[in-house]
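Note sheet for the following structure.
On a predicted model such as this, the values are computed, not experimentally measured, just so you know. Quick note on labels: first sequence line is chain A, next is B, and so on, each numbered from 1.
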Protein chains: 2
Amino acid sequence: MQDGTFHTLGHLQETWTRGDVFAANCPTRQLLDRIADKWSTLILIVLGEGPIRFNALKHRIDGVSQKMLSQTLKSLERDGLVSRSVVATVPVSVTYAVTPLGRTLMAAMQSMIDWAETQMPQVAAAQTAYDARSPDPH
Amino acid sequence: MQDGTFHTLGHLQETWTRGDVFAANCPTRQLLDRIADKWSTLILIVLGEGPIRFNALKHRIDGVSQKMLSQTLKSLERDGLVSRSVVATVPVSVTYAVTPLGRTLMAAMQSMIDWAETQMPQVAAAQTAYDARSPDPH
DNA sequence: CGCACCTGGTATCCATTGGATACCCAAAGG
DNA sequence: CCTTTGGGTATCCAATGGATACCAGGTGCG
């Protein structure tokens with residue numbers, strides 16, 4: 001398969017111990033690895049506002065490359081979290097939307113966003129303090 | 001600085017538009033990029049159970065390399081999410097623990113874990129269906 | 001007609017990241 | 001001695017991500 005594929009795992013495993021997120025073969029952990037991802041998170045947040053076309057999405061998410069966007073969308077579609085529909089307009093336009101399953105994930109993610117927004121000053125302060133303690137002795 | 005440093009961003013920016021997670025310079029997004037990370041998530045979950053030493057942590061999290069573990073711990077410490085304490089035992093032992101700030105993040109992350117554990121069958125089914133539709137035409 | 005432009009991608013190449021391995025220190029134990 | 005132990009760092013190589021170029025194929029424009 002091509003350059004940076006997402007399909008290396010094939011499909012999720014069948015057997016696991018519930019709660020054992022730390023064994024590499026635990027499907028929960030595989031799933032966590034997939035969704036604990038920069039672009040997936042951002043894409044789902046934007047899609048939460050409503051269906052959107054590929055290029056609009058690309059311009060909305062600052063810094064995402066076309067390659068990562070199409071790869072990540074493909075993987076999210078495979079996971080049943082977003083749906084892809086080709087609208088046969090003049091230049092074919094492709095619209096992406098969150099599925100009901102994806103919407104349940106978004107609720108869980110929202111608490112992380114909220115945390116980041118509210119706790120940011122704390123983190124910035126901690127960083128400043130840390131950097132002051134270790135003066136980067138070069 | 002050495003090989004795979006985490007400090008490339010220096011420190012978080014000062015000016016932003018609240019809720020604008022999509023501009024690359026938004027501190028919330030920088031923070032999100034940092035915590036929406038495979039190893040950070042796993043480390044915080046383990047640390048949530050109580051303080052733990054470096055090697056114990058390493059053996060607990062299947063598949064993490066020593067390099068990534070020490071790098072990620074350093075970055076989490078800088079962000080004020082975990083604390084590192086050197087106990088002057090015979091071979092020096094280092095204990096890591098979650099800070100109160102880190103504990104607030106863990107609560108937010110827990111909903112993601114719960115989602116992964118409960119919705120995994122849905123995702124596995126979606127993947128199977130997807131793979132059946134696109135027969136990988138080689 | 002011939003050319004550029006639109007959308008939604010792929011193919012290619014190179015920089016950065018992550019993983020495996022080896023090594024380091026100092027003290028204890030055989 | 002020589003190995004083991006804990007907590008790393010240094011080095012090297014494979015995998016990942018990003019930049020850029022290209023493609024299809026229909027449309028408007030000179």
Side-chain angles (χ1 to χ4, degrees), chain A residues 1-9 24 33-34 36-43 46-47 51-78 82-97 134 136-138, chain B residues 1-9 24 33-34 36-43 46-47 51-78 82-97 134 136-138:
Chain A
M1 196 163 288
Q2 84 275 27
D3 199 359
T5 177
F6 266 38
H7 291 197
T8 39
L9 287 173
D33 290 353
R34 193 85 53 93
D37 164 71
K38 177 173 169 167
W39 300 129
S40 300
T41 314
L42 257 11
I43 289 173
V46 180
L47 258 57
I52 189 169
R53 280 178 306 107
F54 186 88
N55 275 341
L57 191 51
K58 177 158 151 25
H59 288 116
R60 189 74 202 287
I61 300 178
D62 198 36
V64 71
S65 67
Q66 214 157 3
K67 176 172 147 185
M68 284 318 293
L69 186 53
S70 92
Q71 263 182 29
T72 309
L73 281 169
K74 206 179 291 180
S75 137
L76 289 172
E77 192 198 352
R78 192 171 99 106
V82 311
S83 63
R84 175 181 188 273
S85 48
V86 181
V87 189
T89 51
V90 181
V92 178
S93 63
V94 182
T95 312
Y96 292 91
S134 35
D136 192 6
H138 171 47
Chain B
M1 196 162 290
Q2 84 275 30
D3 200 0
T5 179
F6 267 36
H7 293 196
T8 39
L9 287 172
D33 291 353
R34 193 86 51 95
D37 164 72
K38 176 174 170 167
W39 300 129
S40 300
T41 314
L42 256 13
I43 288 173
V46 180
L47 259 59
I52 190 170
R53 279 177 306 106
F54 186 87
N55 275 340
L57 192 50
K58 177 159 151 25
H59 289 116
R60 188 75 201 288
I61 301 177
D62 198 37
V64 71
S65 66
Q66 213 157 6
K67 176 172 146 184
M68 284 318 292
L69 186 53
S70 92
Q71 264 182 28
T72 309
L73 281 169
K74 206 179 291 180
S75 139
L76 287 172
E77 192 198 353
R78 193 172 99 106
V82 311
S83 64
R84 176 182 188 272
S85 48
V86 181
V87 188
T89 51
V90 181
V92 178
S93 64
V94 183
T95 311
Y96 292 91
S134 35
D136 192 5
H138 170 48

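The nearest heavy atom of DNA chain D to A:P91 and to A:W39 marks one nucleotide each, and the one closer to the 5' end goes with A:W39.
Closest to the B:R53 side chain, of the nucleotides D:dG8, D:dG6, D:dG17, is D:dG6. Distance from the side chain of B:K67 is smallest to C:dG18 among D:dG26, C:dG8, C:dG18. Nearest nucleotide to the side chain of A:K74, out of D:dG7, C:dT12, C:dT10: C:dT10. Which of C:dA27, C:dG19, C:dG8 sits closest to the side chain of A:S93 comes down to C:dG8. Comparing C:dG8, C:dT7, C:dG18 against the side chain of B:Q71 picks out C:dG18 as the nearest. When distances run from any side-chain atom of A:Q66 to the nucleotides C:dA20, D:dA19, C:dG9, the shortest one goes to C:dG9.
Between the C1' atom of C:dC6 and the CZ atom of A:F54 lies a distance of 14 Å, rounded to the nearest Å. Note: CG (B:L69) to C1' (D:dG6) measures 13 Å, nearest angstrom. As rounded to whole Å, 13 Å separates atom P of D:dG6 from atom CD1 of B:I52. The distance between atom CG of B:D62 and atom P of C:dA20, rounded to the nearest whole Å, is 11 Å. Counting to the nearest Å, the P atom of C:dT16 and the CE atom of B:M68 are 17 Å from each other.
With A:S75 contributing its side chain and A:Q71 its backbone, the two residues share no donor-acceptor pair below 3.5 Å. Not one N or O on the side chain of B:S93 forms a donor-acceptor pair closer than 3.5 Å with the backbone of B:T89.
Phosphate contact (OP1/OP2 of D:dG8, side-chain N/O of B:Y96, threshold under 4.0 Å): present. Proximity of B:S70 to the phosphate of D:dT9: a side-chain N or O atom is located under 4.0 Å from OP1 or OP2. In terms of phosphate contacts, B:R84 brings a side-chain nitrogen or oxygen within less than 4.0 Å of OP1 or OP2 of D:dG8. Distances shorter than 4.0 Å separate none of the side-chain N or O atoms of B:K38 from OP1 or OP2 on D:dT16.
A distance of 11.0 Å separates CD1 of B:I52 from NE2 of B:H59, quoted to the nearest 0.5 Å. Rounded to the nearest 0.5 Å, atoms CD1 (A:I61) and CG (A:L69) are 6.5 Å apart.
By the 4.5 Å heavy-atom criterion applied to side chains, A:S70 and A:F54 are counted as neighbours.
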